Amino acid sequence: MKNLKLSSVFSSVIELQSERENLLLCAFDIENNRIFFASSTNSIYTLQLPSAQNGGLSSKAYLNLEAEEVALEPDDHITDMEYLMEKEALILGTSDGYLLLHSLDPKATNLVGKVEGGIRSISCSPDGALIAIKGGLGQLLVMTHDWDVLYETAVDVQLHNNVVASDASNSSTDNFQSPISWRGDGKYFATLARDNDSLMPELKIWERESGTLHATSGSKSFVGTCLDWMPAGSKVAAVYDRKAEEKSPLIVFFEKNGLERSSFTVDGPVETIIKSLKWNSNSDLLAASISHCDYDAVKIWSFSNNHWYLKQEIRYSKEEGMKFTWDPTNPLHLICWNRLGKVNSYNFIWTTAVTETTIALVIDGNKVLVTPLASALVPPPMSLFHLKFHDAVQDIAFISYDAKSHLAACLSDGSLCIAELPSTDAWEQFEDGEYVVEPSHFDVPLGTLMHLTWLDAHTLLGVSPYQADLFSTASCGEHELDNLKLAHSHGYSLHEIEIVCSENSVPGSINSSGWYTKISKSVPLEKSVIGIASNPAKRHSAFVQINGGSILEHSSEMRAGGMPTKSLLGQFDSDCGFTSSCPWMKDVLICDHGISKPLLFGLDKDGRLHVGRQIICRNCRSFSFYSNTTVSTKQVVTHLLVVTKQDLLFVIGVNEILHGNPESMVEKYSSLQNHGSESKDYITVWERGAKMVGAIHGDEAAVILQTPRGNLECVYPRKLVLASIINALLEERFRDALLMVRRHRIDFNVIVDYCGQQAFIKSAKQFVCQVNNLSHITEFVSSIKNENILETLYKDYVSLPCRDDFPNGGSENPQSIGTQSKVSCVLLAVRTALEEHIPESPARELCILTTLARSEPPALEEALNRIKVTREMELSGVNDDRRKAYPSAEESLKHLLWLTDPEAVFEAALGLYDLNLAAIVALNSQKDPKEFLPFLRELEQLPPVIMRYQIDLKLQRHESALKHIISTGDAHFEDCMNLLKSNPELFPLGLQLLTDLDKRKQVLDAWGDHLFAEKCFEDAATTFLCCSLFQKALKAYRAGSDWRGVLTMAGVLGLQKEEVLQMANDLCEEFQTIGKPSEAAKIALDYCADVDRGVGYFIMAREWDEALRVACAYGRDDLVSLVKDAALDCANTLVTEYKERTEKVGQYLSRYLTVRRSRLTLAAKLHSEDRPIGDPEYDTVSEASSSFSGMSAYTRRSKTNSTASIISSTASKARDIRRQKKKGGGKIRAGSPGEEMGLVDHLKSMSLTESARRDLKSILRALVMTGEADTAKQVQSLGKNFELSQQAAEKLIEDTIGTNIIDESSHTLEHYLKILQGSSHSQILSWQSKVLI
């Protein structure tokens, strides 16, 4: 669904040597990008074409070199020529049969050979290896470029010498040429020739290698000069002459086997003649040179969806003798020349036939096929209706303005047609209709117009090659006309065309006549125009792109009445220009932080998508835009749609373009290693080569793709769908949002989560009233869940909303929401809105039951109560209007059972203590009567209170059961106690409900026993004390190791002194055994009066201060000596321990640095080899480093033993990893992958704890008090060295663990020790005494 648009036209004139000289033939030099022309006087002209960098965009790039005359016999002339890249020379064939090689550098002409009867045609194979020559006597020669003849065969046996002679006497080569056409791969070639018994030619297919006739078509009325094999190789194009049938010519396509495959008729009178036929290099365009009665023309067709479309027609006068050829390297570059030496170069581009308003306008000859794709996805050649013009359409422009649409069409005869269409809502009446559009009236002929663009409904912009005779004082001022005539003859003019209608339009109809057009203003341009885009942010303004990507802004100032007063063309902001020429340019309106502004997008021929100077995609195939708002004159675009050459459809938000880096996202997923993976950012296009033709805006949120076959498909990207839903929610269009959610299977929770729970609750009434479909509301209610899907399911598609975006507030306020869940709050709001604003009906009641059943927890009892009311109305025989507004109780119950677990509904019915309702529920839930009927009968026979108690027990409603059983009195107190013991959490409630003191004492006793069994000894003792059970309280204190409580209870119980003493001795031994000697010391001193044991216990607890204090308090010098000796022994132990630990810190740190360096070295090696860090070799670095060092940090064995240990460690590496995963740590094994982190953790764990610091400080004081200051000084010095070493090692690890560089001079233990010694630390060394330093 595309149109072929004329992008630029350039002209060059070859200065012929005489007036009678005509250009006849051409040949291409692909390597040097030049074209050669042969004239009737045997002269060769060279025309240098623009380079690819120039893009064919400047007429100054055409260089006309000097003519070179080929010396031939007087009556001899050139009949055909080809350029040989291998020889860098032209091969020429003459009417006398001479085969010449004409070199250009140096200039020389050499005779290769002579063909009897003259040379009719020369054709090189696509690979340039072979040359096929057809002679005047019907012979076919195939030779190499070294002039070795491979074979010669007869092609046309009816050719005779007199025919050759008559052709040779004709100065024209049209009748003399007999084309040879090669297939794209060069394996076959085709010719047209006659057999002995046939008056009409036939198509013959020949094999390349042997010259064997592969297939023939049979005799047909072929036009002898029209034959071309499609470069893709599937079709051979030829032409049937049907004048005998009084029909216009027929273009026919044949297969390789000579069978006719398809055809189409060339529109025109019977006298129409097709002179030549050529495919472009891409095989997607077929051009023909056609001669009509009044003019010659080049017509270009394309094929799609089994239909041939006439996409372009270029007209020439018959006197010019126009010919054409395609550029073999640029498939959209057509070169036409006439006999007088004028060469026109036409550059085309493919453009989408779908407008911004999703209306398809497909050009097909003199018709424009019109289809609103938003209403009907109909692929061409089908359409809703079509507009018919008197000549072929070259270019069209479309605009929608004030509920009307205007279409302008430029025709091949230079006329301009205007049609006014009503709003698309009224287009159904035009279905299958044909509407003729008359040409507009004009004072000055407009000529060929390119880049036709609407400024507004009354003004058009267009570009045409400059022609002075187009202007007169009628359309331009005299001064302005003089300026235009001084412009460069190869320049361009930007025309502003005024459109006026003299007839009143009929509402709802197509107004296609009575239009007047005239050029109101014209601006000469030195450079060619690449594209024009109207400015959506400013009226009467457009952006004009010129060669190179520069942007000019055209502005037309309007006076009262809509007439332009003057036109201005000035340089636009340089940041908005493109870095290269972009033939596909679009200007859209965007919103950036509330400010509307235009944004220019451009796509160049290399597939680079530009936004101003920024490139956002380097492999773009097509792009379009989407707006989540409805169609309007100023439609704000919200998303860019890009289809890449890897068949990926990207959806990019405007904010990502303005404030993000979309290029990195596109390049990331366009790479080969990421292609095919699923992502939120793109959709994989299902068919290779599919192109995007447009998007359906608003709530539809569809992207239209057209496959290479021609059919149309719609895809709905999740990102666009969610954007349209969110836009509907922001506009409070809840019904539209819900319909989109259902249609695209989006989670219903998006409606609540994006608005916010509070905002939705406030809008619940509006939601219910707008939707007004109880079935849809029921579906919505059934899908609500507590999860916020914007933070989970759609977190990559939708950004979290801003509260200011919503009229009722957006984000949540936890204080106002309360403790209720999202499901409960939303369903309550919907249920309230249903009850208040929706009339009573059976559907409403079922919807309300759904809200109750889906609540969390389900409000089944309330639902059953509603069903119970309906059942009571049924039993009472009421048949009023209110009864009819409710469904039957059975229907309601079945609906409730379908929504929830039947067992839960049965239990809820039991919870209402309504046995009849429970029986109905059981029957409708298909329970076995043998299971529930005996149970219900048993309950029915019980007293009401006991029945409720039994039901509560079954439903595990223990609090209610306790209340019911207590209300029965003393008769069931045993059951009450059993209930309390089996459910201990009921003890507080039982105490509240019971007032009898004896019963309360029994409850407290049972509660205390439960707490004692649960080993809550302190709480158990307190409970026993509340009911005066002191013996049990003492037992609980004893079990909880609370010696104070035990001895206190001994006093309360009045035990004898001997019993208390024995109990104290037992407690001392018990606390010593469980590792609490300090507690045992206190008991020994306070209750046993045993000073020796007390001091001994303090020494065991390393409470040196307290031990020394007690010994001195009782005046026991012997105990003071005991404390001194124990302190000296402990000090000696600490000295040895600190020495060893300091040494281990150095060993561990040295090993850590060795492992760390080895890992960094290997990581750098892997990085240089582009191997991932996760490579298995990376884990062996610790093993390698261990074997290099020759010894382990954890042993002092020899090198041989260490190596053996490392080998063993390597063999059991997998086992060690599994063991470490199970144990979460363990022994550090040299060479294991976890060695480095194991060393780090171990070094950190060696730091002094707070208790160790307290013990160290205590022993230092004791040593000083007992006169051992030197020993204390030694202990403090070694302890200080150890703590500083450990802290320095830990600091060094912190500095090296996150870096890739280890400095051997600075990353050492000695360096960090100096740093720590020179700084003050509040915690480090807080235990030391300044006197002992």
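Numbering of residues begins at 1 and proceeds along the displayed sequence. Note that the structure is predicted; figures quoted are calculated from it, not measured.
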Step-by-step side chain to side chain contact (heavy atoms under 4.5 Å, CB included) determination, M692 to V703: CA-CA 7 Å; M692 177 169 51; V703 178; 3.5 Å; yes
Pair F601-I657, side chain to side chain contact (heavy atoms under 4.5 Å, CB included): steps then yes or no: CA-CA 11 Å; F601 291 81; I657 298 173; 4.0 Å; yes
Side chain to side chain contact (heavy atoms under 4.5 Å, CB included) evaluation trace for L589 with V637: CA-CA 6 Å; L589 188 67; V637 166; over 6 Å; no
Stepwise side chain to side chain contact (heavy atoms under 4.5 Å, CB included) test for T357 and F398: CA-CA 10 Å; T357 53; F398 186 84; 3.8 Å; yes
Derivation and outcome, side-chain hydrogen bond (donor to acceptor under 3.5 Å, both in side chains), residues E245 and Y240: CA-CA 11 Å; E245 305 174 25; Y240 284 168; over 6 Å; no
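Using a 4.5 Å heavy-atom cutoff, the side chains of I349 and N347 are not in contact. Looking at heavy atoms from C-beta onward, H744 lies out of side-chain contact with I725 at the 4.5 angstrom threshold. Side-chain atoms of I396 and I363, non-hydrogen and from C-beta on, do get closer than 4.5 Å to each other. For the pair S281/P328, no side-chain contact is recorded, criterion being any heavy-atom separation below 4.5 Å from C-beta on. Contact check for L603 versus F623: side-chain heavy atoms found under the 4.5 Å cut-off. At least one side-chain heavy atom of W427 sits less than 4.5 Å from a side-chain heavy atom of L421. Contact of the V298 side chain with the C336 side chain is registered, since non-hydrogen atoms from C-beta on lie closer than 4.5 Å. By the 4.5 Å heavy-atom criterion applied to side chains, V651 and L641 are counted as neighbours.
Note that OG1 of T371 and CD of E431 are 10.0 Å apart. Values are rounded to the nearest 0.5 Å. Between the CH2 atom of W350 and the NZ atom of K311 there is a distance of 6.0 Å, given to the nearest 0.5 Å. Atom CZ in R743 sits 7.5 Å away from atom CG in D699 (nearest 0.5 Å). Interatomic distance, OG1 of T424 versus CZ of F430, reported as 11.0 Å (0.5 Å rounding). Distance OG1/T265 to CZ/R242: 4.5 Å, rounded to 0.5 Å. Expressed to the nearest 0.5 Å, how far CG of L6 lies from CD1 of I314 amounts to 6.5 Å.
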Return a table of donor-acceptor pairs under 3.5 angstrom between the side chains of residues 409-418 and protein atoms on other chains or two or more places apart.
unit_1	atom_1	unit_2	atom_2	d
S412	OG	E313	OE2	2.9
S412	OG	R315	NE	3.3
D413	OD1	S415	N	3.1
D413	OD1	S415	OG	2.7
D413	OD2	H390	NE2	2.7

Just list the side-chain donor-acceptor pairs under 3.5 Å for residues 376-388, sequence neighbours left out, or say none.
unit_1	atom_1	unit_2	atom_2	d
S383	OG	F385	O	3.2
H386	NE2	E434	OE1	2.7

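None of L286, V223, T225, I290 except one satisfies the side chain to side chain contact (heavy atoms under 4.5 Å, CB included) rule with L277; the exception is L286. Of the residues listed (F264, W279, W308), the one engaging W301 in a ring-ring contact (aromatic ring centres under 6.0 Å, His included) is F264, and it is the only one.
Applying the ring-ring contact (aromatic ring centres under 6.0 Å, His included) rule to Y188 yields the partners H214; only residues at least two apart in sequence or on another chain are considered. The salt bridge (charged side-chain N to carboxylate O under 4.0 Å, His left out) search around E687 returns R709, not counting sequence neighbours. For S181, the side chain to side chain contact (heavy atoms under 4.5 Å, CB included) criterion is met by L227, D228, W229, not counting sequence neighbours. Residues satisfying the ring-ring contact (aromatic ring centres under 6.0 Å, His included) criterion with F324, sequence neighbours excluded, are absent altogether.
Using modelled atom types, no side-chain atom of N305 and backbone atom of N711 make a donor-acceptor pair closer than 3.5 Å. In terms of modelled atom types and a separation under 3.5 Å, the side chain of T272 and the main chain of S248 share no donor-acceptor contact. The closest donor-acceptor contact from the side chain of D364 to the backbone of L310 lies under 3.5 Å. Side-chain atoms of N619 do not come within 3.5 Å of backbone N or O of K645 as any donor-acceptor pair. Side-chain atoms of Q635 never come within 3.5 Å of backbone atoms of S627 as a donor-acceptor pair (strictly under, hydrogens ignored). Although no hydrogens or angles enter the test, the distance criterion places no donor-acceptor pair under 3.5 Å between the side chain of D647 and the main chain of W686. Judged purely by atom type and a 3.5 angstrom limit, S302 has no side-chain atom pairing as donor or acceptor with the backbone of D284. In terms of modelled atom types and a separation under 3.5 Å, the side chain of N3 and the main chain of K5 share no donor-acceptor contact. Side-chain N or O atoms of H451 include none that pairs as donor or acceptor with a backbone N or O of L461 at under 3.5 Å. Counting only distance, with no hydrogens or angles, the side chain of T325 and the backbone of I335 share no donor-acceptor pair below 3.5 Å.
Nearest heavy-atom pair across S509 and P422 is O-CD, 3.4 Å. Shortest non-hydrogen contact noted between V643 and A690 is CG1-O, 4.0 Å. Nearest approach of V636 to T629, heavy atoms of both residues: O-OG1, 4.2 Å. Across all non-hydrogen atoms, the minimal contact from M740 to S724 is SD-OG, 3.4 Å. For the pair F254 and G258, the tightest heavy-atom approach, listed with the atom from each and the gap, is CD2-O, 3.5 Å. Closest non-hydrogen pair, I530 versus S7, comes out as O-OG, 4.3 Å.
Figure legend: K220 and F222 shown without cation-pi pairing, the cationic atom not lying both under 6.0 angstrom from the six-membered ring centre and within 45 degrees of its axis. Geometric assessment of K235 against the ring of F303 yields a positive cation-pi assignment under the 6.0 Å and 45° thresholds. In this structure, K586 forms no cation-pi arrangement with F625, as its terminal cationic atom is not both closer than 6.0 Å to the ring centre and no more than 45° off the ring axis.
H307 and Y309 have perpendicular rings, their planes meeting at more than 60° on a 0 to 90° scale where under 30° would count as parallel. A tilted orientation is assigned to the rings of H639 and Y626, their planes being inclined by 30° to 60°.
No more than 12 heavy-atom neighbours from other residues, nucleotides or ligands sit within 6.0 angstrom of CG on N306. For CG of D267, the number of neighbouring non-hydrogen atoms (other residues, nucleotides, ligands) closer than 6.0 Å is 12 at most.
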